[in-house]
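Please read these numbers as outputs of a predicted model, since none were measured by experiment. All values below were derived from every heavy atom in this structure, side-chain atoms included, with hydrogens, water molecules and symmetry-related copies excluded. Naming convention: chains lettered A, B, ... in sequence-line order (proteins, then strands); numbering from 1 in each chain.
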There are 2 protein chains.
Amino acid sequence: MTELRRAASVVRERSPVPEATVARLPLYLRVLTSLADRGVHTVSSETLATAAGVTSAKVRKDLSHLGSYGTRGVGYGVDLLLNRIAAELGLTEDRSVLLVGVGNLGHALAGYGGFQARGFRVVALLDIDPCRIGESIGGVVVRPLDEMEVLVEHSRVTIGVICTPATAAQAVCDRLVAAGVTSILNFAPTVLSVPAGVDVRKVDLAVELQILSFHEARKRPASSPDGMTRATAGRALPRTRGGGPLVGTTGGEAS
Amino acid sequence: MTELRRAASVVRERSPVPEATVARLPLYLRVLTSLADRGVHTVSSETLATAAGVTSAKVRKDLSHLGSYGTRGVGYGVDLLLNRIAAELGLTEDRSVLLVGVGNLGHALAGYGGFQARGFRVVALLDIDPCRIGESIGGVVVRPLDEMEVLVEHSRVTIGVICTPATAAQAVCDRLVAAGVTSILNFAPTVLSVPAGVDVRKVDLAVELQILSFHEARKRPASSPDGMTRATAGRALPRTRGGGPLVGTTGGEAS
DNA sequence: ACGACTTCGTGAAGGCGTTCACGAAGTTGA
DNA sequence: TCAACTTCGTGAACGCCTTCACGAAGTCGT
């Protein structure tokens with residue numbers, strides 16, 4: 001107000017969108033899409049909050065980072081907000097995705113409809129196993145790993161999905177980065193190291209279960225089955241390792 | 001003190017473990033398991049931190065919530081710490097898991113080796129589609145949805161995994177809760193409402209990609225359709241968002 | 001036109017988590 | 001034994017995010 005307002009036509013935000021807000025934008029987007037499909041034209045922060053499972057204050061604060069797109073006394077325009085969030089998430093142009101490792105999980109992700117439904121196109125599938133090459137999943141043919149560089153160059157892929165065993169993940173990651181991929185979604189249970197400027201997000205399915213298990217343990221206080229106290233001497237982890245590999249192969253693909 | 005302290009031998013901490021710490025314990029557990037397999041007996045917070053991709057201060061603070069299990073000047077005993085974390089996560093007794101919805105993703109999760117490798121047993125698979133019933137995945141046979149209540153009762157399952165389409169998720173969730181399940185891992189892209197006392201964690205694969213897309217959009221301002229190719233790949237800090245033409249084409253929900 | 005009502009946008013306060021810095025407590029070597 | 005060194009455990013400061021509370025700004029009914 002007192003400050004000289006930059007009256008430029010472009011939205012000159014610095015980078016006012018907190019990471020926590022970014023993580024919720026896809027949630028709002030999903031709700032708004034559903035509302036739009038049902039023909040709803042306006043929505044209040046309260047309604048949107050309930051549908052998204054958050055508080056209304058959070059919704060308003062989050063959306064305020066994108067600018068003022070609401071109308072006081074009415075709410076937010078569904079279509080307007082929907083476009084605004086889609087733009088903020090960079091979904092106006094569809095993003096191409098390359099998936100490496102068509103094993104158990106990779107195969108499922110390749111055929112997962114949710115990706116395409118929300119603006120992502122899996123343009124290439126890669127695997128090192130000759131048996132899998134040539135197979136078609138969701139209209140995309142599995143190609144040998146060596147074609148990675150050519151594919152990235154050609155199709156302008158910027159996002160890579162790693163579904164390989166943990167042991168191969170870092171090597172694949174390095175090749176992806178070298179080829180020009182700048183965002184990686186990692187499903188392998190291992191920590192990836194990448195140069196600055198490359199984003200990595202990881203999804204570890206077992207970790208989610210372990211977190212639930214933690215809370216379960218607090219609900220049912222470790223009932224001692226035989227009346228003996230928990231003073232086990234040996235390994236408590238019920239791992240049933242048959243042979244002992246040198247490198248810890250916890251998890252990973254099992255095909 | 002004011003409260004009668006239980007002198008039991010078991011650790012009876014209330015819940016001084018912050019949620020953020022809980023989320024990292026599985027990570028430490030994975031690293032420690034790997035170290036144990038390699039015959040390493042002690043590890044410093046610095047080494048553990050590097051392997052887990054966090055800072056050493058964070059490791060020490062996290063582990064301090066579990067008690068003093070380190071030795072100054074030396075580090076942490078790998079086996080000791082491994083057992084301690086496993087106990088904290090409730091993994092000393094193996095947790096049974098029930099999976100509902102053996103579709104694309106559910107099928108992959110049922111066969112995912114990572115669960116069993118880390119102390120979880122998928123004891124039942126359910127689906128409503130008659131065509132899928134009878135199929136065996138990883139040694140477990142797919143059963144009709146109606147057997148849910150009996151199975152939960154019998155096998156003492158406390159964790160349920162939902163891999164159904166979004167439209168069916170809430171109904172399945174309600175049945176699970178009614179049957180006695182108190183922790184739910186939800187892969188369906190919808191918000192589940194549950195009574196107090198039930199924990200829900202959600203994993204939305206498309207959301208992860210959308211978050212990556214957000215950061216991609218900031219790396220490459222997207223406006224110029226054919227500006228630079230790869231020559232300037234890397235740093236692009238001075239983001240200058242151009243007012244992009246919004247063509248929001250976000251598809252509807254997918255199965 | 002205008003008061004009543006609804007809802008957004010936002011400063012302020014509070015809570016949680018991360019990072020820093022350093023004393024405490026152990027080991028190692030002579 | 002004792003000094004030098006390593007590393008843990010932790011109080012304190014800092015920053016991010018959430019929550020609260022309320023003014024601002026619009027709509028609606030008469």
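With 3.5 Å as the limit, one finds no donor-acceptor pair spanning the side chains of B:Q170 and B:T190. A donor-acceptor pair shorter than 3.5 Å cannot be found between the side chains of A:R220 and B:T158. Using a 3.5 Å distance cut-off with no hydrogens or angles, the side chains of B:D199 and B:S183 do not pair a donor with an acceptor.
A salt bridge between A:R24 and A:E19 is absent, with no side-chain N of the basic residue lying under 4.0 Å from a carboxylate O of the acidic one.
Here A:Y76 reaches the OP1 or OP2 of C:dG9: one of its side-chain N or O atoms lies under 4.0 Å away. At C:dT7, none of the side-chain N or O atoms of A:S44 fall inside 4.0 Å of OP1 or OP2 (strictly under the cut-off). The shortest distance between the side-chain N/O atoms of B:S45 and the OP1/OP2 oxygens of D:dT7 is not below 4.0 Å.
Distance NE2 (A:H41) to C1' (D:dT27): 18 Å, rounded to an integer number of Å. One interatomic measurement links the two molecules: CG of B:L63 to P of C:dG17, which rounds to 16 Å at whole-angstrom precision.
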Extract from the structure each pairing of a protein N or O with an N or O of nucleotides 22-26 of chain D at less than 3.5 Å, listing the distance.
unit_1	atom_1	unit_2	atom_2	d
D:dG23	N2	A:R72	NH2	3.4
D:dA24	N3	A:R72	NE	3.0
D:dA25	O4'	A:R72	NE	3.2

For nucleotides 16-18 of chain D, print each protein N/O atom paired with a nucleotide N/O atom at under 3.5 Å, atom names and distance only.
unit_1	atom_1	unit_2	atom_2	d
D:dT18	OP1	A:R24	NH1	2.7
D:dT18	OP2	A:R24	NH2	2.9

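Test B:V78, B:D62, B:V54, B:V31 against B:L48 for side-chain contact (heavy atoms from CB on, under 4.5 Å) and you get one pass: B:V31.
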